[in-house]
Number of protein chains: 2
Amino acid sequence: MADGAKGKALGSVLARVPKATFRAHIADGLRAAILNGDIEPGAQLVETALADQFGVSRGPLREAMRQLIDEGLLVAVPYTGTHVVGLSVDDVREIYSMRVTLEIFAFEQIWARRDQAFRQGLVARRDALTACIDAEDDAASIVAELQLHGFVYEATGHKLLIRTWDSIRGRLQLYWAAHHRAHGIRGPRRDGHDRYVEMALSDDFDALKSEITDHMARGGRQTEDFLRGREARAVQGS
Amino acid sequence: MADGAKGKALGSVLARVPKATFRAHIADGLRAAILNGDIEPGAQLVETALADQFGVSRGPLREAMRQLIDEGLLVAVPYTGTHVVGLSVDDVREIYSMRVTLEIFAFEQIWARRDQAFRQGLVARRDALTACIDAEDDAASIVAELQLHGFVYEATGHKLLIRTWDSIRGRLQLYWAAHHRAHGIRGPRRDGHDRYVEMALSDDFDALKSEITDHMARGGRQTEDFLRGREARAVQGS
DNA sequence: GCGGCTCACATTGTCAACAATCGACTGTCT
DNA sequence: AGACAGTCGATTGTTGACAATGTGAGCCGC
């Protein structure tokens with residue numbers, strides 16, 4: 001009974017279009033709405049209303065919400081309500097400190113295997129980000145920056161690391177979106193990313209480590225100034 | 001609308017016994033059954049059967065399973081079935097490499113704040129683990145070892161780090177349980193943990209880093225020997 | 001004998017109705 | 001006036017039935 005999957009490797013790789021279950025679509029839609037800022041942090045998500053909005057029943061919707069709860073984007077209180085998580089100063093500080101560690105670990109994993117494809121991919125994503133920044137398109141630059149860093153994680157092939165990055169990325173994106181809504185353009189960051197990529201392609205690992213630490217410290221400082229201003233009444237998550 | 005929670009800090013802290021929703025109970029029970037090894041890796045979990053077994057409907061059960069899927073313990077294929085995840089050699093290698101990074105990060109966070117309570121707590125948990133090993137109680141030693149390392153993560157107060165450790169711990173426990181079932185006692189590990197705790201309480205951070213790296217490398221090697229033996233036909237997760 | 005097809009079964013996905021719980025409001029009693 | 005109990009509305013938790021899909025067995029033609 002435990003060996004259902006046998007030699008179906010080919011069949012399961014090709015033509016894997018499983019008719020799209022609703023739950024996945026809802027989870028994606030909701031996540032996008034939250035990360036885009038269409039739903040503000042702290043706002044309550046009412047199941048019946050959302051179900052209507054998505055044109056589905058509450059069952060699939062609840063499962064999608066459960067998924068987002070596990071991703072750390074929502075927080076639920078039984079019989080009371082589910083809210084979009086609000087990030088406190090400490091939360092964002094944790095995110096940045098974690099990123100330093102994970103990103104250095106990622107480069108450790110890939111350092112000896114930085115082939116031409118990796119170098120080209122990294123440069124291409126930096127250029128894309130630079131273009132967004134020059135165009136002052138903040139929403140696009142958020143996506144571009146996430147893709148730049150995500151490319152590094154992906155390149156490691158370390159599934160557990162990628163999974164962890166995914167869980168952090170959501171919260172980071174949530175914070176960036178809030179920051180963007182409140183402040184508009186986040187300021188010039190061209191030089192920072194140029195240095196970052198330069199170091200990533202160099203042969204001096206320690207220099208890269210310093211650069212990553214500084215890179216994140218800069219982002220973290222920007223953060224605290226922003227969050228300390230408002231009350232940061234966080235609907236605490238996890 | 002977004003300010004439902006106001007000055008209810010006290011009321012929400014005290015007397016928070018929300019009548020125990022089923023889903024939480026089911027998730028805990030299922031998780032325990034899987035990590036205990038009562039359900040073997042690769043086995044299929046049929047919703048109707050499990051729902052009967054737990055005496056609930058399929059709704060709450062599905063939500064509990066969704067949660068375990070997000071924890072990386074189950075893997076689901078739409079319209080086909082949900083299986084307990086099987087760990088491959090690479091998966092376990094990833095877990096151990098990740099642990100090295102995370103645990104060193106944890107000690108970085110707490111290094112300057114290692115007060116008396118921390119030292120006592122660490123020693124107490126090492127003694128508990130030693131007792132389990134001397135008694136050759138393998139099941140208990142697994143729990144004790146997880147609590148020893150978990151104590152370090154908890155001590156950091158870094159919620160995101162703790163959350164990440166939780167997600168890894170499940171898979172680690174899953175592997176240890178399988179290892180235990182196949183091999184029985186995993187061999188003497190007294191010395192290793194004694195050294196680990198000794199370094200953790202010393203003032204030589206670099207020595208601790210080396211010790212952690214070696215500690216994990218030993219566990220990792222033990223792993224590969226074990227897993228390489230069998231086919232490791234992994235019901236791939238994530 | 002073998003490849004493709006059909007069909008029935010097992011399992012998961014979805015839905016709409018019902019029950020339990022929480023928070024606020026109100027009216028009363030002291 | 002202030003505190004307290006009861007009640008009401010809103011929201012989530014749970015259930016059983018129905019629909020959609022994937023899988024494998026059996027059949028047929030070659």
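These values consider heavy atoms only, across backbone and side chains, with no hydrogens, waters or symmetry-generated copies. Numbered from 1 within each chain, the chains take letters A, B, ... in sequence-line order.
Annotation: side chain to side chain contact (heavy atoms under 4.5 Å, CB included) contacts of A:Val143 (sequence neighbours excluded): A:Gln147.
Within 4.0 Å (heavy atoms only), B:Gly59 reaches at least one base atom of the nucleic acid. Here A:Pro60 lies in heavy-atom contact (under 4.0 Å) with sugar-phosphate atoms only.
Here the P atom of nucleotide D:dT15 and the CG atom of B:Asp52 are 11 Å apart, to the nearest Å.
Under the salt bridge (charged side-chain N to carboxylate O under 4.0 Å, His left out) criterion, the residue pairs touching residues 52-61 of chain B are B:Glu47-B:Arg58, with sequence neighbours excluded.
A:Arg99 forms a cation-pi arrangement with A:Tyr96, by the criterion of a distance under 6.0 Å to the ring centre and an angle within 45° of the ring axis.
Nearest heavy atoms, A:Gly72 versus A:Arg171: O-NE, 3.5 Å.
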Practice problem: Assign a letter to each nucleotide of nucleotides 7-13 of chain D from its 5' end: B, base within under 4.0 Å of a protein heavy atom; S, sugar-phosphate only; -, no contact. | Solution: ----SBB
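The aromatic ring centroids of A:Phe151 and A:Phe118 lie less than 6.0 Å from each other.
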